[in-house]
Amino acid sequence: MNILVTGGAGYIGSHTCIELLDAGFTPIVFDNLSNSSTIALDRVKQITGQTITFIKGDVRDAEALDHVFNEYNIYAVIHFAGLKAVGESVEKPLMYYDNNVSGSITLFGAMERNTVSRVIFSSSATVYGDPATVPITEDFPTSTTNPYGGSKLIIEDVLKNIHIAHPEWNIALLRYFNPVGAHKSGLIGEDPNDIPNNLMPYISGVAVGKLEQLSIFGGDYPTPDGTGVRDYIHVVDLAKGHVKALQAFENPSVDNLYTVNLGTGKGYSVLEMVAAFNKASNKPIKYQITDRRAGDIACCYADPSYAKTLIDWEATMGVQVMCDDTWRWQSNHPTGYKTND
Ligand code: NAD
Ligand code: UFG
């Protein structure tokens with residue numbers, strides 16, 4: 001069965017292609033390469049022995065999408081394509097709404113025209129804003145503090161409205177917590193273009209000697225050690241969640257529209273992550289505690305039990321594996337996909 005994977009050359013998309021192939025699906029990747037490289041797909045071939053069909057295209061291009069839907073018999077779409085840097089979204093809101101929201105609307109329109117009615121959407125824990133309590137269940141109120149989060153909430157709403165108009169569509173809204181880690185081969189992983197915004201690529205950049213020291217954003221949060229707590233989830237566990245979400249479309253007891261958290265249910269502080277990475281890499285991670293980063297919250301972790309009940313998915317890997325795998329990727333490829341093997 002052909003699965004159209006928008007954004008499939010990216011970090012989560014490339015890992016998901018491996019799991020799709022492993023489960024017998026055929027990914028067809030559609031990506032404009034604005035934040036990725038086809039080398040990731042070459043590496044997927046190296047890992048799986050299978051070539052992936054790749055189409056360079058933008059999800060805002062209706063004609064290009066119609067062409068793909070005409071050419072291939074698509075069973076379902078996994079929609080990763082989007083911009084994801086929170087700070088950049090504050091500076092360039094129109095770019096984010098255009099790319100993420102307009103792109104999604106164009107994609108869903110092409111699906112409707114071409115009678116493709118199954119879609120999995122990459123949402124984010126950011127839609128919970130600053131939660132009143134933890135762990136977070138799917139029925140918590142949603143809110144937004146930046147255009148990136150705003151774009152995710154709008155797209156969720158668009159899909160909920162599509163469900164009202166077309167109750168026969170199968171729609172999965174997957175709310176990811178903090179994806180980290182890399183494939184155990186060390187051949188693919190996260191490869192930020194610029195100075196990383198996120199914790200894990202920053203720590204691994206310090207360990208490999210690319211970055212001088214980590215700034216820990218705030219040491220005075222109401223958490224056990226004063227630093228921010230998050231639910232880090234291994235990207236391969238996350239990728240497997242997409243296969244489970246696809247399989248659940250065939251389960252008559254699962255509603256045609258559903259929302260699930262993909263997290264581990266455990267929170268780790270920044271200092272705990274630094275210690276785990278130090279253990280993985282055997283390198284000192286120089287850091288200093290600085291001011292809080294605007295918009296950050298103290299603590300965020302999932303209640304992932306609904307995903308277990310509904311789609312039979314749960315995370316299996318802990319933070320030490322996440323750090324070991326990140327280090328294997330980073331130390332083998334200090335400059336990401338620019339490092340030749
Ligand atoms: P990524 O940047 O590595 O992958 C996104 C891919 O989409 C890239 O390959 C990029 O080139 C492509 N793309 C962007 N705009 C496009 C467009 N208009 N047309 C076609 N392709 C386009 O990011 P990722 O970490 O793999 O994230 C995948 C999805 O998951 C995104 O929607 C992101 O918002 C969401 N998400 C990510 C995180 C995270 O921390 N990584 C957390 C929650 C949700
Ligand atoms: N942090 C630092 N120093 C850094 C980077 C991060 O101390 O250089 C801290 C943050 O303050 C936070 C924790 O590390 O306490 C994690 O920060 P990340 O930037 O890695 O992740 P966030 O939880 O802030 O946000 C991520 C994604 C968002 C997504 C959200 C929920 O970047 O896109 O998870 O899924 F919306």
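Start at 1 and go down the list; that is how both ligands and their atoms are numbered.
- The contact set between ligand 2 and Phe177, taken as ligand atoms under 4.0 Å from a residue heavy atom, comprises 35 (O).
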- Go through Ser122 and Tyr176 one step at a time and tell me if the side chain to side chain donor-acceptor pair (under 3.5 Å) criterion holds. CA-CA 7 Å; Ser122 301; Tyr176 313 156; 2.8 Å; yes

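- The environment of OH in Tyr97 is crowded: more than 12 heavy-atom neighbours from other residues, nucleotides or ligands sit within 6.0 Å.
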For ligand 1, list every N/O pair with the protein closer than 3.5 Å, one pair per line with the distance.
residue: ligand 1; atom: 2 (O); partner: Asn35; partner atom: ND2; Å: 2.7
residue: ligand 1; atom: 3 (O); partner: Tyr11; partner atom: N; Å: 2.8
residue: ligand 1; atom: 9 (O); partner: Gly10; partner atom: N; Å: 3.3
residue: ligand 1; atom: 9 (O); partner: Asp31; partner atom: OD1; Å: 3.3
residue: ligand 1; atom: 9 (O); partner: Asp31; partner atom: OD2; Å: 2.6
residue: ligand 1; atom: 9 (O); partner: Ser36; partner atom: OG; Å: 2.7
residue: ligand 1; atom: 11 (O); partner: Asp31; partner atom: OD1; Å: 2.7
residue: ligand 1; atom: 11 (O); partner: Asn32; partner atom: OD1; Å: 3.4
residue: ligand 1; atom: 11 (O); partner: Ser34; partner atom: N; Å: 3.0
residue: ligand 1; atom: 11 (O); partner: Ser34; partner atom: OG; Å: 3.4
residue: ligand 1; atom: 11 (O); partner: Asn35; partner atom: N; Å: 3.0
residue: ligand 1; atom: 11 (O); partner: Ser36; partner atom: OG; Å: 3.2
residue: ligand 1; atom: 13 (N); partner: Asn32; partner atom: OD1; Å: 3.4
residue: ligand 1; atom: 15 (N); partner: Asn99; partner atom: ND2; Å: 3.1
residue: ligand 1; atom: 18 (N); partner: Asp58; partner atom: OD1; Å: 3.0
residue: ligand 1; atom: 18 (N); partner: Asn99; partner atom: OD1; Å: 3.0
residue: ligand 1; atom: 19 (N); partner: Val59; partner atom: N; Å: 3.0
residue: ligand 1; atom: 21 (N); partner: Asn32; partner atom: N; Å: 3.1
residue: ligand 1; atom: 21 (N); partner: Asn32; partner atom: OD1; Å: 3.3
residue: ligand 1; atom: 23 (O); partner: Lys84; partner atom: NZ; Å: 3.4
residue: ligand 1; atom: 25 (O); partner: Lys84; partner atom: NZ; Å: 2.8
residue: ligand 1; atom: 26 (O); partner: Tyr11; partner atom: N; Å: 3.3
residue: ligand 1; atom: 26 (O); partner: Ile12; partner atom: N; Å: 2.8
residue: ligand 1; atom: 32 (O); partner: Phe80; partner atom: O; Å: 2.8
residue: ligand 1; atom: 32 (O); partner: Lys152; partner atom: NZ; Å: 2.9
residue: ligand 1; atom: 34 (O); partner: Tyr148; partner atom: OH; Å: 2.7
residue: ligand 1; atom: 34 (O); partner: Lys152; partner atom: NZ; Å: 3.0

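- Here's the thing with Tyr202: none of its N/O atoms is less than 3.5 angstrom from an N/O atom of ligand 2.
- Side-chain contact of His166 with Ser117: a donor-acceptor pair under 3.5 Å is absent, judged by distance alone.
- Annotation for Lys160: atom NZ counts as buried by contact number, over 12 foreign heavy atoms lying within 6.0 Å.
- Cation-pi check for Arg292 over Tyr221 is met; the charged atom lies under 6.0 angstrom from the ring centroid and within 45 degrees of its normal.
- Not a single N or O atom of Met200, backbone or side chain, sits closer than 3.5 Å to an N or O atom of ligand 2.
- Polar contact check, Leu214 against ligand 2: no nitrogen or oxygen pair lies under 3.5 Å apart.
- Within the structure, ligand 2 lacks Tyr221 among the residues with a heavy atom less than 4.0 angstrom away.
- For Leu199, heavy-atom contacts with ligand 2 shorter than 4.0 Å involve the backbone as well as the side chain.
- Between Tyr337 and Trp329, the ring center distance clears the sub-6.0 Å criterion.
- Residue Cys300 does not touch ligand 2, judged by heavy-atom distances below 4.0 Å.
- When the shell of 6.0 Å around CG of Asn282 is examined, it contains 12 or fewer heavy atoms from other residues, nucleotides or ligands.
- Near Tyr148, meaning under 4.0 Å from one of its heavy atoms, ligand 2 places the atoms 33 (O), 36 (F).
- Taking a cut-off of under 4.0 Å to the non-hydrogen atoms of Ile216, the atoms of ligand 2 that pass are 7 (O).
- In terms of protein heavy-atom proximity, atom 16 (C) of ligand 2 is closest to Tyr232 OH, 3.5 Å.
- For ligand 2, the atoms sitting less than 4.0 Å from at least one non-hydrogen atom of Tyr176 are 35 (O), numbered in the order shown with element in parentheses.
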